[in-house]
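Here the structure is laid out as structure tokens; the discussion comes afterwards.
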Amino acid sequence: MRFSPIFVLRKIFTHIFLLSFIASFFFPSLYKTIVQIEFYVLAPIVILLNYNYRSISQGAMVIFLIFTGLTIMAGVPGSAFGFAASATFGLFMSQDRVSDLEGNNKIDQRLFLFTTLCFIVASVHLIYSNIKNVFEFEQLGEYFGTASINYASITVASFCSIFAAWATKRKYYGPFFTQKQMKWCRIFAGILAVTILGLSIIFSTRSAIFGFLPPLLFALQPKKPYLYFAMMALGLVIVYFVFPVFSEFVISVMAPGRDSLAELYETELKGQERSESAMQIYAIAIPYFSFCTTCSDYLSFSGLSNLIALSFPFSIFFVVQIIRFIVQYIKNFLIAKKVNRLFFLIIGLSFLNSLLLSVFQADFLSMLSLFYVVGSGLASAGKIIGDGDRFNTQTA
């Protein structure tokens, strides 16, 4: 296929949109302005560029977005459009046609690797700036103004899911990268895994800690992935029980003031405050059918809860996509005689990472990553089943 200017334009704006999420790493005081540019300027452009005019479902989502934008004038929180646009763009972005990719293989890879490099450089810059200025946790909490320092780890962890799903889909679904291209993808995946692990530990972001798993598995590509993953999990359990002092140290670093997993669960992961805030916004927003003009004062700590409540009943479509993904994933994994285990493990971990971030954090990029992984999994379902060797073959 010949070089496609439309494809290049679509990809460039897509990556500009992704890169806008790390702009505040360098200009934290402009965080609020950057978000407004993202969703009032960039998001409409990239959604229209990625829009498939033959798709009825995509047409319905565009109409829903326009409706959501209009409700803002009625007093509905602007974040309603942000969450809906993130979920919509995640689905649109995951639907690249193979015919478009075949003639633009190098362009797609180079843009993704350039974006990955920018995420890594931005993370290193942020870590260096904070170490240099010897920030205290109180100062870190005010670093981004309206967003906490957790924003950095959550953003990079979300991108980890996007990168892992993209690279895995291209490895097993096609059009395939060359061996040299795949080598670079694996190198960048490994660096990205180390980067998010460092950010999660330094900034004590518990919900982002599992972000390193999808890119790490893609970088290592073990021949027996489930055995490898099980050994890794078993190793962590052994360390926790055999070296309690070391375990307590790690937990205290990740969650200052906590000394055990039980205490961490009760104070952080049990999520009573989050569940209560979700129930509260459901009770307030759902009866208004997206016209909840008082919801700004009752937004949930959960991005997924905000998407469902502020977009009801249209949000049912997004919930159905998640359910479809889970059903398809379980069906293919349990029923199909021959599946690529590494593909399903990486996609599954990417989904769980993004779902965790979307449930526990009111974040836009985590919402995008969740539905990008869902869309990628649904688009690839059934196509990576059968001849496992065929999907391990890369074109020269």
Give the minimum heavy-atom separation between [X] and [Y], together with the two atoms involved.
X	Y	answer
G375	S94	CA-OG, 3.2 Å
Y372	A165	CE2-CB, 3.9 Å
F212	A193	CB-O, 3.4 Å
K171	F218	CD-CE1, 4.1 Å
S161	N353	OG-ND2, 2.7 Å
L357	S158	CD1-OG, 3.5 Å

N/O donor-acceptor pair under 3.5 Å between S369 side chain and S366 backbone: yes
Q181 backbone acceptor or donor facing Q109 side chain under 3.5 Å: yes
Do [X] and [Y] have side chains that approach each other closer than 4.5 Å (heavy atoms only, starting at C-beta)?
X	Y	result
F163	L192	yes
F318	I308	no
L365	S86	no
K183	R186	no
T33	F27	no
F159	T116	yes
F67	F314	yes
C160	P214	no

Do [X] and [Y] belong together in a cluster built from hydrophobic side chains that touch within less than 4.5 Å?
X	Y	result
I12	L9	yes
F317	V327	yes
Y40	I66	yes
F325	I323	yes
V373	V319	yes

For the atom pair [atom1] ([X]) and [atom2] ([Y]), what is the distance rounded to the nearest 0.5 Å?
X	Y	atom1	atom2	result
T168	I347	OG1	CD1	5.5 Å
L304	L370	CG	CG	6.5 Å
L355	S350	CG	OG	12.0 Å
H15	R10	NE2	CZ	11.0 Å
I196	S123	CD1	OG	7.0 Å
L18	F89	CG	CZ	6.0 Å

Under 6.0 Å between the ring centres of [X] and [Y]?
X	Y	value
H125	F26	yes
Y329	F351	no
F25	F21	no
F39	F81	no

Residue pair I162, F112: steps toward the side chain to side chain contact (heavy atoms under 4.5 Å, CB included) verdict: CA-CA 10 Å; I162 295 173; F112 245 106; 4.1 Å; yes
Residue pair T115, L19: steps toward the side chain to side chain contact (heavy atoms under 4.5 Å, CB included) verdict: CA-CA 7 Å; T115 300; L19 289 172; 3.8 Å; yes
Over 12 foreign heavy atoms within 6.0 Å of CZ, F210: no
Verdict with reasoning, F119 to T155, per side chain to side chain contact (heavy atoms under 4.5 Å, CB included): CA-CA 9 Å; F119 268 78; T155 297; 3.8 Å; yes
